[in-house]
Protein chains: 2
Amino acid sequence: MKSYEKVFVDFLKRNNLKLTHPRSIILQAVFRNHDHFDIETLYDQIRVEHKNVSRATIYRTIPLLVEAGLIKNPLRQESKDRYEYIYGHRDHLHLVCSKCSKIIEAGSKQIEKLLAEIAQKHDFRIEEYNLVVSGICKKCLNK
Amino acid sequence: MKSYEKVFVDFLKRNNLKLTHPRSIILQAVFRNHDHFDIETLYDQIRVEHKNVSRATIYRTIPLLVEAGLIKNPLRQESKDRYEYIYGHRDHLHLVCSKCSKIIEAGSKQIEKLLAEIAQKHDFRIEEYNLVVSGICKKCLNK
DNA sequence: GCCTTTTATGAGATTGAGTCTCAAAATCAA
DNA sequence: TTGATTTTGAGACTCAATCTCATAAAAGGC
């Protein structure tokens with residue numbers, strides 16, 4: 001069993017939820033998308049091999065994966081929520097190109113440190129952060 | 001004429017757009033919300049005094065205000081886009097309480113500086129940034 | 001294995017924020 | 001005032017996301 005599977009199974013057990021076939025299929029599909037994905041695309045991917053998994057179940061399972069700490073919802077593009085695989089990844093920020101929609105990921109310990117300081121100033125306990133910077137990427141700048 | 005009105009009027013002229021009654025009404029309503037607002041709430045506020053301004057016109061005018069640099073769309077809460085008045089305000093980051101939905105604003109020149117450095121490293125030209133930090137606010141921590 | 005209770009599922013209906021359509025109305029330069 | 005052009009209101013429409021509910025699958029006890 002892969003380690004992300006263990007995380008999910010443990011999460012389910014802890015919450016008295018059942019490990020069902022659709023949930024396994026969805027978990028595998030999500031982890032085939034190692035970068036960002038939206039649910040409609042995920043739905044289409046799953047449908048290729050598993051015509052009997054419903055849209056409702058996918059939408060019901062995604063919040064479980066978020067709660068289990070395996071994925072998170074970092075941003076919204078083209079009227080769709082976009083998720084990303086975070087298990088084993090450090091938090092990072094996204095540079096989103098407003099021309100070509102490309103997403104560049106960049107980590108920064110310095111940012112984290114700064115945020116921690118700011119939060120402390122406001123007696124705020126950080127749970128997670130989404131740093132989204134919009135602009136123009138190198139490629140589009142050169143066009 | 002208030003300075004934000006001048007900004008909008010100039011913007012319209014520059015783009016060969018007309019200053020219409022509905023656009024004025026919407027501008028005034030937006031600037032009565034000095035903090036964050038969503039469009040449905042704005043719609044209700046406008047409707048109290050101006051029953052003939054349509055939802056479509058509000059949705060059509062908001063992007064103009066964004067383009068004019070008067071407001072921006074900093075985050076999404078409860079499946080709704082939330083906007084804020086930025087004319088005359090510095091960029092800042094948002095601390096959003098995941099319990100009570102309260103939004104604390106915090107400025108940070110240091111963050112801006114860091115982002116500029118990171119962007120340069122990736123040959124990325126920043127147009128704008130939204131720094132959203134989720135967590136628990138002071139009040140909710142003490143409950 | 002086989003019940004039995006509980007939880008999860010699929011299919012399709014529903015919601016609701018946001019967009020689009022188009023005939024009618026308002027704007028503004030001449 | 002006129003008339004080309006843009007904008008508007010009302011409601012239809014879109015589509016991601018949620019809900020409903022009868023049926024099905026899971027897991028623990030026998």
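Residue numbers begin at 1 in each chain, while the letters A, B, ... track the order of the sequences. Worth saying up front: this structure is predicted, and the values here are computed from it rather than measured.
The CZ atom of A:Phe8 sits 10 Å away from the P atom of C:dA8 (whole-angstrom rounding). In this entry the distance linking CD1 of B:Ile25 with P of D:dT7 reads 16 Å, nearest Å. If you take CD1 of A:Ile58 and P of C:dA8, they are 17 Å apart, rounded to a whole angstrom. Following rounding to the nearest Å, A:Leu64 (CG) and C:dT9 (C1') show an atom-to-atom distance of 13 Å. Straight-line distance from the CD atom of A:Glu78 to the P atom of D:dA16: 11 Å, rounded to whole Å.
Comparing C:dG18, D:dG9, D:dT20 against the side chain of A:Arg60 picks out D:dT20 as the nearest. Here D:dA10 is the nucleotide among D:dA10, D:dT18, C:dG10 with the atom lying nearest to any side-chain atom of B:Ala56. Comparing D:dT7, D:dT18, C:dG18 by their nearest atom to the side chain of B:Arg55 picks out C:dG18. The side chain of A:Glu40 lies closest to D:dA16 when the candidates are C:dA8, D:dA16, D:dT7. Distance from the side chain of A:Leu17 is smallest for C:dA8 among the nucleotides C:dC28, C:dA17, C:dA8.
Of the candidates A:Thr61, A:Asp81, A:Ile62, A:Ile62 is the only one forming a side-chain contact (heavy atoms from CB on, under 4.5 Å) with A:Ile39. Considering A:Tyr87, A:Phe31, A:Phe11 as possible partners of A:Tyr4, the one that fulfils the ring-ring contact (aromatic ring centres under 6.0 Å, His included) test is A:Phe31.
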Intermediate values then yes/no, salt bridge (Lys or Arg N to Asp or Glu O under 4.0 Å), A:Lys6 and A:Asp10: CA-CA 6 Å; A:Lys6 186 165 168 18; A:Asp10 288 353; 3.0 Å; yes
Worked check of ring-ring contact (aromatic ring centres under 6.0 Å, His included) between B:His36 and B:His94: CA-CA 11 Å; B:His36 302 75; B:His94 295 97; 4.9 Å; yes
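Heavy-atom nearest nucleotides on DNA chain C were determined for B:Ser79 and for B:Pro22, and the one closer to the 5' end corresponds to B:Ser79. Comparing B:Thr57 and B:Asn16, the nucleotide of DNA chain D nearest to each residue sits closer to the 5' end for B:Asn16.
Within the 4.0 angstrom heavy-atom criterion, no nucleotide atom of any strand lies near A:Arg82. Among the atoms of the strands shown, base atoms are found under 4.0 Å from some heavy atom of B:Lys18. Residue-level contact check: B:Asp38 touches neither bases nor backbone, having no heavy atom under 4.0 Å from any strand.
Between A:Thr20 and C:dT9 there is a side-chain polar atom (N or O) within less than 4.0 angstrom of OP1 or OP2. Taking only side-chain nitrogens and oxygens, B:His21 never comes nearer than 4.0 Å to OP1 or OP2 of D:dT7.
A:Gln45 and A:Asn33 share a side-chain donor-acceptor pair at under 3.5 Å.
Nearest heavy-atom pair, A:Val66 versus A:Tyr83, reported as atom, atom and distance to 0.1 Å: CG2-CE2, 4.0 Å.
With a 6.0 Å radius and a threshold of 12 heavy atoms from other residues, nucleotides or ligands, A:His50 has its NE2 atom above the threshold.
Five base pairs at each end of the helix from C:dG1-D:dC30 to C:dA30-D:dT1 define two local axes, and these are offset by 30° (rounded to 10°).
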